[in-house]
Amino acid sequence: MIKSGFSQDTEKTGDVTDIIDPLNDAQRAAVTAPSQAMLVLAGAGSGKTRVLVHRIAWQIKAFGVPTHSILAVTFTNKAAKEMRGRIEDLLNISAQNLWIGTFHGLAHRLLRRHAKQAKLPETFQVMDSSDQLRVVKRLLQTLNLDDSKWPPKQVQWYINAQKDEGIRARHLPESGDLYQRQMLAVYKAYEELCDRSGLVDFAELLLRAHELLRDNPDVLEFYQQRFQQVHVDEFQDTNTIQYAWLRLLTQGKDNIFVVGDDDQSIYGWRGAKIENIYSFQKHYPNHQVIKLEQNYRSTGNILKAANNVIANNEGRMGKELWTDAGDGDLISLYTAFNEQDEAYFVVERIRTWVKEGGLRNDVAILYRSNAQSRQFEEKLMATGTPYRVYGGLRFFDRAEIKNALAYLRLMANRHDDASFERVINTPTRGIGNKTLEDIRTIARDQNIALWPAAVNLLNQGKMTPRAGLALSGFLHLIQTLDEQAAAKEELYEKVKLVVEKSGLLESYQKDKVDKGEEKVENLEELVNAAKLFDFEQSNEDNLSDLDMFLTHAALESGDGQAEEFEDCVQLMTLHSAKGLEFKLVFLVGMEEGLFPSQQSVDDAGRLEEERRLCYVGMTRARQLLYISYSESRRLYGRESYPRPSRFLREIPPEHLQEIRVRAAVTRPVSMPARQQSITTAIPSKYKLGQRVNHAKFGEGVVLQMEGDGAQERVQINFKQVGVKWLMLSFVQLEVL
DNA sequence: GGGAGAACATACTGG
DNA sequence: ATGTTCTCCC
């Protein structure tokens, strides 16, 4: 028997062959290691999740560790869900009692359970970042700060950055330059406002959960004893406060099992510290390190190319992925004329893939930023190819949904100023700026929340009859909704009540211009979501259905589109692709300024993070990887002619094949072809300014030309149909 | 006080 | 290019 530090509640150790047999040596060593600090350095596709899942299953089955004694932390809800599912499948049990969740989700759970010790009102509500931004904007106005000099986004970023490091306003020095003093003042005011309103932002969840454990020895001890093993996924992406939280929980027992890959750390911009991996080795001197380097996902070509790219980073812990699968196909590189052409190419390839029997679910289009998805969506839609966009505007982020939720929140907590501001005049009910300003003044002067301030204003009796009536109407509406909702048994009935009686539904039904119909549908979908909402997950916390639902909305903003079961192409950012894999991957927009992004090119550290992102993207592909960039791109309303991404040059040519038929076949990737073609003489029968006639478009004037041979194109300004690019090999033009 | 259109700012990633 | 705030007029 392998010696273990687990306490054994039971002698019945089950059959563990299912758990052990499918593993390779390194994986098995990690899974069966004794309970001590463990650092598993797992390269992309090396079976990271598998190790975690089997490790947890191993403890349950081999040692009878009760499920409620196991904690597993992930970064995304998707990862948490998947892990839970896989454990259930492997053990054929219900893993309901397992504490598996995101840092934010688990922190929230702790805070709900121990609201009092965390110095929070029982009714506290979670704000997402757009809520937070609104609050900051409001605050800057109150403090009379010019928001061109103090951009709200920057203030928000400052506050979150402090919290990520565990720094409260009171920890910051009063002295300092104007910028620091001002930021400190805002931070202080922000803390006060949140405390008064019972609002908690994302960073606050983590910070406060840490403080809860740190300052309440009884609470800390309870959880230290409860959790026999703490598992952490994507450890390289933990920030300072998350790591501090983990250390508190595992203090003295060193029962921490972390899995990570320094080459896949891509969240530095929200406070993640790769250094935590190095610190781990110092803080847990008796730790064991296991490296997983065998890749089971990608072909040799993809893997070698990715290895070469990431090798350009400095200070890596050193890992070289290998595979015993064959080399597979070369990576394909496509150079597009413009973003339209790029999208066209990608979609055509996908259609071919599907025609040849491939599944759309196995295909992903990965891009650096969400804004890039549109081109692809349009082309996919035009060809009737089902697709699904991850990220972007998600269900619970939609304005109409947030409005409805704000009603529910205000009903649950009258002191929620953010929600109060949101719905007081939504839909419009005759409460204008004047009234709102008066309420804010009272709130500020008496240091109370907006709701009681509104009550006070009304009681003063100084309002005009019309305004007074509107305000009391609103207060009564909330009061009545609250009472009626309390009488309803089911959650969805409460949601339905609010949607229908708040006036939201009615106002959207009337709205014909601004996608009112879609908003009505979304509100109906919200009621539906409430009906389907699964309460089991957090049943052991004595939360009301409504609180759970609201939390769910804040913490998991939901997917943008439904129809998960349909076979469809996946579109997402590189960030959200982490942890996933696809047979066919398109890595698009590989251009300087886009990827790596403009903001990162001057900073060595950020550039390395971009490179890791590129590494993450490439290693998503199992069989086929297509990389594309465009020679011209319309971005933010301006045409630009970007150079190919530097990362392309880091891929050894022997793993690449160029798809586009070009005049200069061996043109090095680093040479911007576009600039050449505009400056060189054009060997063509058309000249700039030449008047031509087209069978369909009529008469026009040649504006620009580029490419040669089969790739030659001209831009023509037609009298009737405007400016168009035409491929000369496809059209017949008559010279006039 | 409400609504429409102009002027204006802002453009990366996410729990 | 797009979303948000501002301004004007009823």
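Chain identifiers are assigned alphabetically (A, B, ...) following the order of the sequence lines, protein sequences preceding nucleic acid strands; residue numbering begins at 1 within each chain.
Taking atom CZ of A:R368 as the reference point, atom P of B:dA11 lies 14 Å away to the nearest angstrom. In this entry the distance linking CZ of A:F395 with P of B:dG14 reads 20 Å, nearest Å. Atom C1' of nucleotide B:dG14 and atom CZ of A:F202 are separated by 8 Å, given to the nearest angstrom.
Here the nucleotide nearest the side chain of A:R466, chosen from B:dG1, B:dT13, B:dG15, is B:dG1. Of the candidate nucleotides B:dG15, B:dG14, C:dA1, C:dA1 has the atom nearest to the side chain of A:R634. Of the candidate nucleotides B:dG14, B:dC12, B:dG15, B:dG14 has the atom nearest to the side chain of A:T573. The side chain of A:T435 lies closest to B:dG1, out of B:dG1, B:dG2, B:dC12. Among the nucleotides B:dC12, C:dT4, B:dG1, the one closest to the side chain of A:K137 is C:dT4. Candidate nucleotides B:dC12, C:dA1, B:dG15 were compared by shortest atom distance to the side chain of A:R606, and B:dC12 ranks first.
Of the residues in residues 260-272 of chain A, those lying under 4.0 Å from DNA chain B by heavy-atom distance are A:Y267, A:W269, A:R270.
Both A:L206 and A:E610 lie near DNA chain B, and the one whose nearest nucleotide falls closer to the 5' end is A:E610. Between A:S597 and A:H104, the residue anchored closer to the 5' end of DNA chain B is A:S597, taking for each the nucleotide with the nearest heavy atom.
Considering only residues two or more places apart in sequence or on other chains, A:P151 meets the side chain to side chain contact (heavy atoms under 4.5 Å, CB included) condition with A:Q154. The salt bridge (Lys or Arg N to Asp or Glu O under 4.0 Å) search around A:E378 returns A:R374, not counting sequence neighbours. Under the ring-ring contact (aromatic ring centres under 6.0 Å, His included) criterion, A:H104 pairs with A:F202, sequence neighbours left out. With sequence neighbours left out, the side chain to side chain contact (heavy atoms under 4.5 Å, CB included) criterion links A:N313 to A:I310, A:R316, A:E608, A:R611, A:R612. Residues passing the ring-ring contact (aromatic ring centres under 6.0 Å, His included) test with A:F595 are A:F647, sequence neighbours excluded. In terms of the side chain to side chain contact (heavy atoms under 4.5 Å, CB included) criterion, residue partners of A:A72 (sequence neighbours excluded) are, by chain and number, A:I56, A:M83, A:I100, A:H231. Residues satisfying the salt bridge (Lys or Arg N to Asp or Glu O under 4.0 Å) criterion with A:E211, sequence neighbours excluded, are A:R168.
At a threshold of 4.0 Å, the pair A:R646-A:E610 does not count as salt-bridged, since none of the basic side-chain nitrogens sits closer than that to a carboxylate oxygen.
Nucleic acid contact class of A:K578 (heavy atoms, under 4.0 Å, all strands): none. The residue A:N425 sits close only to the backbone: its heavy atoms come under 4.0 Å of sugar-phosphate atoms, none of a base. Within 4.0 Å of A:R134, counting heavy atoms only, lies no atom of the nucleic acid at all. Nucleic acid contact class of A:F75 (heavy atoms, under 4.0 Å, all strands): sugar-phosphate only. Backbone-only engagement by A:S576 is indicated by non-hydrogen atom pairs under 4.0 Å involving sugar-phosphate atoms exclusively.
At least one side-chain heavy atom of A:W150 sits less than 4.5 Å from a side-chain heavy atom of A:Y179.
Close to B:dG15, at under 4.0 Å from its OP1 or OP2, lies no side-chain N or O of A:N77. In this model, the phosphate group of B:dG15 is not approached by any side-chain N or O of A:N160 to a distance below 4.0 Å at OP1 or OP2. OP1 or OP2 of B:dG3 lies within a sub-4.0 Å distance of a side-chain N or O belonging to A:T428. Contact annotation: A:K153 does not reach the phosphate of B:dA9 (side-chain N/O to OP1 or OP2, under 4.0 Å).
One C1' atom belongs to B:dT13, the other to C:dT4, and the distance between them is 22 Å to the nearest Å.
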For nucleotides 6-9 of chain C, print each protein N/O atom paired with a nucleotide N/O atom at under 3.5 Å, atom names and distance only.
none

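Using bins of under 30°, 30° to 60° and over 60° for the plane-to-plane angle, the ring pair A:Y267/A:W269 lands in the tilted bin.
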